[in-house]
Amino acid sequence: MINETFKNNLNSIGVELTDRQYEQFDMYYKLLVEWNSFMNLTGITDYEEVLLKHYVDSLVLDIEKIGHKKKEISLIDVGTGAGFPGLPLKIAYPQINVVLLDSLNKRVKFLNQVIEELGLTGIETVHSRAEDGGRNNDLREHFDVSVSRAVANLATLVEYNLPFVKVGGYFVAYKSGDIDEELVNAKKAVSVLGGTIEEVKKFQLPGTDIDRSLVYIKKIKPTSGKFPRKAGLPSKEPVA
């Protein structure tokens with residue numbers, strides 16, 4: 001049965017789903033709660049809250065801006081955790097080719113279970129730290145877009161993500177509403193890693209006063225071979 005509030009919230013951000021896609025989101029929720037009972041995937045388990053704070057929040061990405069309407073695109077979700085935003089984006093836009101990258105093998109096993117039970121294709125998982133993945137020739141500068149809802153400052157996220165993005169592609173950071181100071185502090189990292197901040201979209205989650213921001217960083221030149229630096233350095237010593 002389709003949750004009408006969820007449907008209305010999706011409509012308000014321009015997302016329409018089939019009955020099968022709604023069913024997949026419900027299956028995802030059941031697996032999330034089941035696995036969360038014995039491992040830490042999310043602090044949000046209430047059904048309505050998951051629909052809003054994980055699913056709708058994941059789907060606010062401007063899919064036309066990153067080129068989905070023009071061609072098939074490849075997307076990597078760096079530090080995906082329980083699969084946000086990569087899995088909801090894959091469910092809503094099945095034609096996108098998705099890679100979910102995470103450093104914890106237990107989470108990767110959960111993601112593989114979700115992919116299998118939902119019958120998703122054109123999606124795979126990679127068990128790796130972002131710093132190591134960014135130096136992997138099979139992944140480096142391979143994607144049209146990299147996304148991340150990971151909890152880290154923007155300068156660190158830029159070093160984690162931009163190495164994966166092709167020139168002309170985007171890194172989109174999902175952040176809280178209060179982003180101005182982070183933007184200032186990340187300017188050098190964005191430039192050094194080969195990007196430019198093209199747009200910052202600030203909004204509230206539908207029906208709430210929760211402020212959110214999407215930072216669209218366009219890749220305008222290749223990332224130097226010096227980056228990403230070895231594991232741990234991007235978070236301990238962000239480029240500044």
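The chain is numbered in sequence order, starting from 1.
With a 4.5 Å cut-off on side-chain heavy atoms, Leu233 and Lys230 count as touching. Looking at heavy atoms from C-beta onward, Lys175 lies out of side-chain contact with Leu214 at the 4.5 angstrom threshold. The shortest side-chain heavy-atom distance between Asn185 and Leu154 does not fall under the 4.5 Å cut-off. Residues Val215 and Ile197 form a side-chain contact, since some pair of their non-hydrogen atoms from C-beta on lies under 4.5 Å apart. Counting heavy atoms from C-beta on, the side chains of Ser148 and Tyr174 never come closer than 4.5 Å. You'll find the side chain of Leu52 stays beyond 4.5 Å of the side chain of Glu49, heavy atoms only. A heavy-atom distance below 4.5 Å is not found between the side chains of Gln204 and Ile210. Looking at Leu75 and Val147, their side chains come closer than 4.5 Å, going by heavy atoms from C-beta outward.
Looking at Ser224, its side chain never comes within 3.5 Å of a backbone N or O of Phe227 through a donor-acceptor pair. With hydrogens and angles ignored, the 3.5 Å screen pairs a side-chain donor or acceptor of Lys90 with a backbone N or O of Pro94. No donor-acceptor pair closer than 3.5 Å links the side chain of Ser176 to the backbone N or O of Arg212. Remark: side-chain polar atoms of Arg149 are not paired, donor with acceptor, to backbone N or O of Ser58 under 3.5 angstrom. With Tyr29 contributing its side chain and Val50 its backbone, the two residues share no donor-acceptor pair below 3.5 Å.
The number of heavy-atom neighbours closer than 6.0 Å to CG of Asp178, taken from other residues, nucleotides and ligands shown, is 12 or below. With a 6.0 Å radius and a threshold of 12 heavy atoms from other residues, nucleotides or ligands, Asn137 has its CG atom at or below the threshold. Counting non-hydrogen atoms of neighbouring residues, nucleotides and ligands closer than 6.0 angstrom, the CD atom of Glu16 reaches no more than 12 such neighbours.
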- [ ] Take Leu120 and Glu116, measure what side chain to side chain contact (heavy atoms under 4.5 Å, CB included) needs, and give me the verdict at the end.
- [x] CA-CA 7 Å; Leu120 301 175; Glu116 181 180 348; over 6 Å; no
- [ ] Test side chain to side chain contact (heavy atoms under 4.5 Å, CB included) on Ser146 and Tyr160 and set out the steps.
- [x] CA-CA 10 Å; Ser146 181; Tyr160 285 161; over 6 Å; no
- [ ] Using the side chain to side chain contact (heavy atoms under 4.5 Å, CB included) rule, take Gln21 and Thr18 through it: C-alpha gap first, then chi angles, then the decisive distance, then the call.
- [x] CA-CA 5 Å; Gln21 287 167 315; Thr18 64; 3.3 Å; yes
Open item on the list: Working note: Asp57 + Phe84, criterion side chain to side chain contact (heavy atoms under 4.5 Å, CB included); need CA distance, chi angles, decisive distance, verdict.
Closed with: CA-CA 9 Å; Asp57 187 61; Phe84 308 115; over 6 Å; no
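Side chains of Asn97 and Glu72: a donor on one and an acceptor on the other come within 3.5 Å. Side-chain atoms of Tyr170 and Glu198 include a donor-acceptor pair closer than 3.5 Å. Counted by atom type alone, Glu182 and Asn153 present zero donor-acceptor pairs between their side chains at under 3.5 Å.
Take Lys201 and apply the side-chain hydrogen bond (donor to acceptor under 3.5 Å, both in side chains) test, not counting sequence neighbours, and it matches Asp62. Take Glu124 and apply the salt bridge (Lys or Arg N to Asp or Glu O under 4.0 Å) test, not counting sequence neighbours, and it matches no residue. With sequence neighbours excluded, no residue satisfies salt bridge (Lys or Arg N to Asp or Glu O under 4.0 Å) with Asp26. The side-chain contact (heavy atoms from CB on, under 4.5 Å) check on Asn112 picks up Val108, Ile115, Thr125, with sequence neighbours excluded. Checked against side-chain contact (heavy atoms from CB on, under 4.5 Å), Thr42 has the following partners two or more places apart in sequence or in another chain: Leu32, Asn36, Ile44, Thr45, His54. A search for side-chain contact (heavy atoms from CB on, under 4.5 Å) contacts involving Lys188 returns Val192, Val239, not counting sequence neighbours. In this view, Gln24 satisfies the side-chain hydrogen bond (donor to acceptor under 3.5 Å, both in side chains) rule with no residue, not counting sequence neighbours. Taking the side-chain hydrogen bond (donor to acceptor under 3.5 Å, both in side chains) definition, one finds that Ser74 meets it with Asp144, sequence neighbours left out. Judged as a side-chain contact (heavy atoms from CB on, under 4.5 Å), and not counting sequence neighbours, the contacts of Ile13 are Leu10, Val15, Val56, Leu59, Val60, Pro206. By the side-chain hydrogen bond (donor to acceptor under 3.5 Å, both in side chains) test, Arg135 pairs with no residue at all, sequence neighbours left out.
The nearest pair of heavy atoms linking Pro163 to Gly134 is CB-O, 4.0 Å. Closest non-hydrogen pair, Lys219 versus Leu193, comes out as CE-O, 4.0 Å. Pro85 and Pro88 get closest at one heavy-atom pair: O-CD, 3.3 Å. Scanning both residues, Leu41 and Arg107, for their nearest heavy atoms gives CD2-CG, 3.9 Å. Taking both residues in full, the closest heavy atoms of Pro222 and Val167 are given as N-CG2, 3.5 Å, listed atom of the first, atom of the second, then distance.
A continuous path of hydrophobic side-chain contacts links Val172 to Ile123 [ILVMFWY only; heavy atoms under 4.5 Å].
Salt bridge absent: Glu199 and Lys218 never bring a charged side-chain N and a carboxylate O closer than 4.0 Å. At a threshold of 4.0 Å, the pair Arg229-Glu131 does not count as salt-bridged, since none of the basic side-chain nitrogens sits closer than that to a carboxylate oxygen. Under a 4.0 Å N-O distance rule, the pair Lys202/Asp211 does not qualify as a salt bridge.
Within the model, atoms CG of Asp102 and CG of Leu100 stand 9.0 Å from one another, a figure rounded to the nearest 0.5 Å. Atom-to-atom distance recorded for Ser235:OG and Leu157:CG is 10.5 Å, nearest 0.5 angstrom. The distance from the CZ atom of Phe164 to the CG atom of Leu139 is 6.0 Å, given to the nearest 0.5 Å. With values rounded to the nearest 0.5 angstrom, Tyr28 atom OH is found 4.5 Å from Leu87 atom CG. Rounding to the nearest 0.5 Å places CD of Glu4 at 11.0 Å from CG of Asn9.
For residues 105-149, every residue pair satisfying the ring pair (Phe, Tyr, Trp, His ring centres under 6.0 Å) rule, not counting sequence neighbours, is listed here: Trp35-Phe110. Applying the ring pair (Phe, Tyr, Trp, His ring centres under 6.0 Å) test to pairs two or more places apart or on separate chains, none has a residue in residues 189-224.
Using a 30° and 60° split on the angle between ring planes, Phe25 and Tyr55 fall in the tilted class, from 30° to 60°.
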